[in-house]
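Worksheet: one structure, shown below.
Side-chain atoms are counted along with the backbone in the values below, which use heavy atoms only and exclude waters and symmetry mates.
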Amino acid sequence: MRQWLEEVERKYGLASLTRRSRQLVVASFILLLIMMIYRGLLIQGDAGFNWRPVVAFVLPLVLFLPSVLGKRPRGHAWLAFVSLLYFMQGVMVATLPEQHIRGMLEAGVSLALFAGCMGYARFRSRLLRERASAG
């Protein structure tokens, strides 16, 4: 795996891979955030507005917003681990009757977030290391 990643880095360049993985992170982060807001609102039903379910689903993502905006590789690595919780939740929701599409979509988006975060953490840290040793 490591050898394959190093081949990909040589072929496409660290700057290009960093930019692509960043785009994947931002797109999947926003999409997962929207899905969690929707899910929190969906749980409420007809009982009236209650902000607690929305906060419970959205808070773990919002805590990583400074790392995503600040482009910090270590924060992205931790966000990758948190995204696995959303993946497990999506797989669990996919087993419920009449909710399998929403669950699989949630699992897919969180898996994309995981892959993007791990890629960004690797490529960005290697790029920063490369620039530090050159300059």
Side-chain angles (χ1 to χ4, degrees):
M1 181 74 161
R2 183 179 185 158
Q3 189 177 22
W4 176 77
L5 278 171
E6 289 173 357
E7 270 182 46
V8 169
E9 289 171 2
R10 279 192 298 274
K11 184 176 180 181
Y12 296 105
L14 283 173
S16 173
L17 290 170
T18 302
R19 188 180 70 253
R20 288 179 185 177
S21 58
R22 171 88 176 139
Q23 290 169 347
L24 180 61
V25 166
V26 170
S28 56
F29 185 84
I30 290 170
L31 191 56
L32 190 61
L33 195 62
I34 291 169
M35 290 173 68
M36 290 301 104
I37 291 171
Y38 175 74
R39 182 146 193 243
L41 293 174
L42 195 66
I43 286 178
Q44 296 178 37
D46 297 330
F49 182 73
N50 187 0
W51 54 271
R52 281 179 245 145
V54 177
V55 171
F57 288 122
V58 171
L59 185 63
L61 288 174
V62 172
L63 291 175
F64 286 97
L65 196 57
S67 292
V68 171
L69 295 176
K71 301 179 182 180
R72 289 181 242 151
R74 186 173 289 181
H76 281 76
W78 281 106
L79 177 58
F81 296 124
V82 170
S83 72
L84 292 177
L85 297 172
Y86 289 101
F87 174 76
M88 290 186 296
Q89 176 180 299
V91 170
M92 212 168 51
V93 169
T95 62
L96 298 174
E98 298 181 13
Q99 295 190 22
H100 61 278
I101 293 174
R102 190 171 56 101
M104 292 306 288
L105 185 63
E106 184 178 323
V109 170
S110 62
L111 198 58
L113 181 61
F114 174 79
C117 284
M118 290 308 290
Y120 183 80
R122 176 186 170 89
F123 301 136
R124 176 74 174 167
S125 62
R126 288 178 68 105
L127 183 66
L128 291 174
R129 222 177 300 133
E130 186 179 276
R131 288 180 182 169
S133 66

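The CD atom of Q89 sits 4.5 Å away from the CD atom of E106 when rounded to the nearest 0.5 Å. M36 CE to L33 CG: the interatomic distance, rounded to the nearest 0.5 Å, is 9.0 Å. Between atom CD of residue E130 and atom CZ of residue F123 there is a gap of 12.5 Å, rounded to the nearest 0.5 Å. How far CG of L111 is from CE of M104: 9.5 Å, rounded to the nearest 0.5 Å. Taken to the nearest 0.5 Å, the CZ atom of R10 stands 11.0 Å off from the CG atom of L5. Taking CZ of R52 as the start and CZ of F57 as the end, the distance is 14.0 Å to the nearest 0.5 Å.
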Kindly indicate, with the supporting measurements, whether the criterion side-chain contact (heavy atoms from CB on, under 4.5 Å) is fulfilled by V68 and R22.
CA-CA 9 Å; V68 171; R22 171 88 176 139; 3.6 Å; yes

Derivation of the side-chain contact (heavy atoms from CB on, under 4.5 Å) call for R129 and S133
CA-CA 6 Å; R129 222 177 300 133; S133 66; over 6 Å; no

For F87 and L113, what are the C-alpha separation, side-chain angles and deciding distance, and is it a side-chain contact (heavy atoms from CB on, under 4.5 Å)?
CA-CA 10 Å; F87 174 76; L113 181 61; over 6 Å; no

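Side-chain atoms of H76 come within 3.5 Å of backbone N or O of R72 as a donor-acceptor pair. No side-chain donor-acceptor contact under 3.5 Å links R20 to the backbone of G116.
Counting heavy atoms of neighbouring residues, nucleotides and ligands inside a 6.0 Å radius, atom CD1 of I101 does not exceed 12 of them.
Taking all atoms of both residues into account, the shortest heavy-atom contact from R39 to R102 is CD-NH1, 3.2 Å. Looking at every heavy atom in both residues, V82 comes nearest to P60 through CG1-CB, 4.2 Å. When all heavy atoms of A80 and M118 are compared, the closest pair comes out as CB-SD, 3.5 Å. Of all non-hydrogen atoms in P73 and A121, the two that sit nearest each other are O-CB, 3.4 Å. For the residue pair S83 and S110, the shortest heavy atom distance occurs at O-CB, 3.5 Å.
Look at E6 and R2 and you find a salt bridge, because one of the NZ, NE, NH1 or NH2 atoms lies within 4.0 Å of a carboxylate O, short of that distance.
Tracing side-chain contacts under 4.5 Å through hydrophobic residues (I, L, V, M, F, W, Y), one never reaches Y86 starting from L24; they form parts of separate clusters. Both I43 and L61 sit in one connected hydrophobic cluster of ILVMFWY residues. Membership requires side-chain heavy atoms under 4.5 Å apart, directly or through other members. Under the 4.5 Å side-chain heavy-atom criterion for Ile, Leu, Val, Met, Phe, Trp and Tyr, L32 and L65 are members of the same hydrophobic cluster. Under the 4.5 Å side-chain heavy-atom criterion for grouping Ile, Leu, Val, Met, Phe, Trp and Tyr, V109 is not connected to I34 through any hydrophobic cluster. The hydrophobic clustering, which links ILVMFWY residues whose side-chain heavy atoms are closer than 4.5 Å, places Y38 and L96 apart.
Each of T18, V26, L79 was checked for a side chain to side chain contact (heavy atoms under 4.5 Å, CB included) with Y120, and the lone residue meeting it is T18.
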